Amino acid sequence: MKKIVILVGARPNFMKAAPVYNELKKIKRFKTFIVHSGQHYDKAMSKVFFRDLALPKPKIYLGVGSGTHAEQTAKVMMEFEKVCFKEKPDLVIVVGDVNTTLAGALTAAKLCIPVAHVEAGLRSFDRTMPEEINRLLTDQISDFLFTTCEDANRNLLREGIAPEKIFFVGNTMIDSLLKHCTVAKKIKILEMLGLDVGRYGVVTLHRPSNVDDINVLQKIIDAISEISKIVPIVFPVHPRTDRQLDNIHFLLYEPEFKKGIKFTEPLGYLEFLSLMSGASIVLTDSGGIQEETTILGIPCLTLRENTERPITITQGTNKLVGNDPKKIIKEASKILLEPKKTERPKKPKYWDGFAGKRIAKILRERL
Ligand code: UD1
């Protein structure tokens, strides 16, 4: 019997981990369970996702919570080390690029426990992003590097990772999307928000570079406000952004602004999937949403200067627009006011719903 721990902690981890968990559970020889660091702890940022993805409750909850990067990373390491001592796993699986990912990989590697990284090799080449540091370091100390695209393989090889550790398996986030898409579309979120299919935009923002500086955020909100004169906008607000929106809340009292933008709490997985599938445009600074819109065929403007997911531009619906309001308005207007192209981009290889299965097969053969 081999014991496998899947460590998760933040919202974007859950939908990437679920397909891996579900496939590993089918292997009798493996005892697989979930540990949750508690990096995200609000019901809307965590519990709802376990419900929507039909994941069992984590076996162990570390209760780490928020803090500076050093505090959060260190707390996850201290608490997770105790779990590793007690449970003695044969493999620790970490997912994505959040602080929990690096903390889990580092803890396990120092205890000589093999580490598998799901979504390895993505690079924005921007080391001001905390996620880039997490990605670089996690990959260096992982034993199984499961990649979503071939450019990730190239990045890893360039960084000196041994080819036999790299496995191009596809995108587990897309496994979750394809599995839940039909059910999500039945959710009555559009009715609840008073929207018509194909005639609204969706916005999400949470990157420190966009929301921590009030002047930057103000300009982005002004741009979104302009776009909301063309189509209504739904804006589910991340807690980090929510804190800041209070500082520009006067805008909410301008009648025109209030009419065009609907602020909501963070949405559940199925609700958000449903909302995204019917949108005419998505504006975001998230990583995962760039991938999800590519598969859904929804035009996506990414409010960043770079992306660790270039395949969503070359083979998808994504375009980088940074945070210059003029550029955001210009590109959004083009999408909304000019006739749509009918041809659908070719889907990236292995974004087919079977990435979790491929990971399980590799681990079954090698563990
Ligand atoms: C984290 C990840 C980021 C990911 C994002 C998705 C890191 C370095 N960043 O950023 O890569 O894209 O999650 O959401 O790991 N807060 C709450 N409730 C919660 C969680 C957070 O109110 O459940 C608030 C706290 O005030 C906290 C702030 O949000 O200080 C930021 O949370 P944190 O986990 O530090 O980073 P995120 O911005 O969520």
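Bear in mind that the values here come from a model prediction, so they are computed numbers and not experimental data. In listed order, ligands and their atoms are each counted from 1.
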Salt-bridge contact [X]-[Y] (side-chain N to carboxylate O under 4.0 Å):
| X | Y | result |
| --- | --- | --- |
| E365 | K361 | yes |
| E308 | R304 | yes |
| R135 | D97 | yes |
| E119 | R309 | yes |

query: Are the aromatic rings of F14 and Y269 close, with centres under 6.0 Å apart?
result: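 Between F14 and Y269, the centre distance exceeds or equals 6.0 Å.
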Starting from [atom], what is the nearest protein heavy atom, named by residue and atom, and what distance separates them?
| atom | answer |
| --- | --- |
| atom 7 (C) of ligand 1 | Q39 NE2, 3.6 Å |
| atom 32 (O) of ligand 1 | H40 NE2, 4.3 Å |
| atom 11 (O) of ligand 1 | E131 OE2, 2.5 Å |
| atom 28 (C) of ligand 1 | R243 NH1, 4.0 Å |
| atom 2 (C) of ligand 1 | V98 CG1, 3.7 Å |
| atom 18 (N) of ligand 1 | D42 OD2, 2.8 Å |
| atom 16 (N) of ligand 1 | Y41 OH, 3.5 Å |
| atom 8 (C) of ligand 1 | N99 OD1, 3.3 Å |

query: Does NZ or CZ of K59 fall inside the cone over F33's six-membered ring, less than 6.0 Å from its centre and within 45° of the axis?
result: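 Flagged: K59 positioned over aromatic ring of F33.
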task: Using the six-membered ring of Y350, assess whether NZ or CZ of R358 lies under 6.0 Å from its centre and within 45 degrees of the ring axis.
output: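 Yes - R358 lies over the ring of Y350, closer than 6.0 Å to its centre and within 45° of its axis.
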task: Please indicate whether any nitrogen or oxygen in N134 is less than 3.5 Å from any nitrogen or oxygen in ligand 1.
output: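 Between N134 and ligand 1 (N or O atoms, distance only) the closest approach is not under 3.5 Å.
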query: Under 3.5 Å, N or O to N or O, is H206 touching ligand 1 that way?
result: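 Min N/O separation from ligand 1 is below 3.5 Å for H206.
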Check ligand 1 against [X] and write out every atom of the ligand that is under 4.0 Å from a heavy-atom position of the residue.
| X | value |
| --- | --- |
| Q72 | 34 (O), 35 (O) |
| M45 | 23 (O) |
| S66 | 21 (C), 25 (C), 27 (C), 30 (O) |
| P239 | 16 (N), 17 (C), 18 (N), 22 (O), 24 (C), 29 (O) |

message: Please check if the number of heavy atoms outside R158 that lie under 6.0 Å from its CZ is greater than 12.
response: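 Counting other residues, nucleotides and ligands, CZ of R158 exceeds 12 neighbours.
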query: Heavy-atom contacts under 4.0 Å between R240 and ligand 1: side chain, backbone, both, or neither?
result: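 Both of them.
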- prompt: What part of P12, side chain from CB on, backbone N/CA/C/O, both or neither, has a heavy atom under 4.0 Å from ligand 1?
  reply: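 The answer is the side chain.
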message: Which residue in the set D213, N210, D285 passes side-chain hydrogen bond (donor to acceptor under 3.5 Å, both in side chains) when paired with N323?
response: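 The residue from D213, N210, D285 that satisfies side-chain hydrogen bond (donor to acceptor under 3.5 Å, both in side chains) with N323 turns out to be N210.
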- request: For salt bridge (Lys or Arg N to Asp or Glu O under 4.0 Å), just list the numbers for E159 and R123, CA-CA rounded to whole Å, side-chain angles, deciding distance to a tenth of an Å, and then say yes or no.
  value: CA-CA 11 Å; E159 288 167 19; R123 297 290 180 265; 2.7 Å; yes
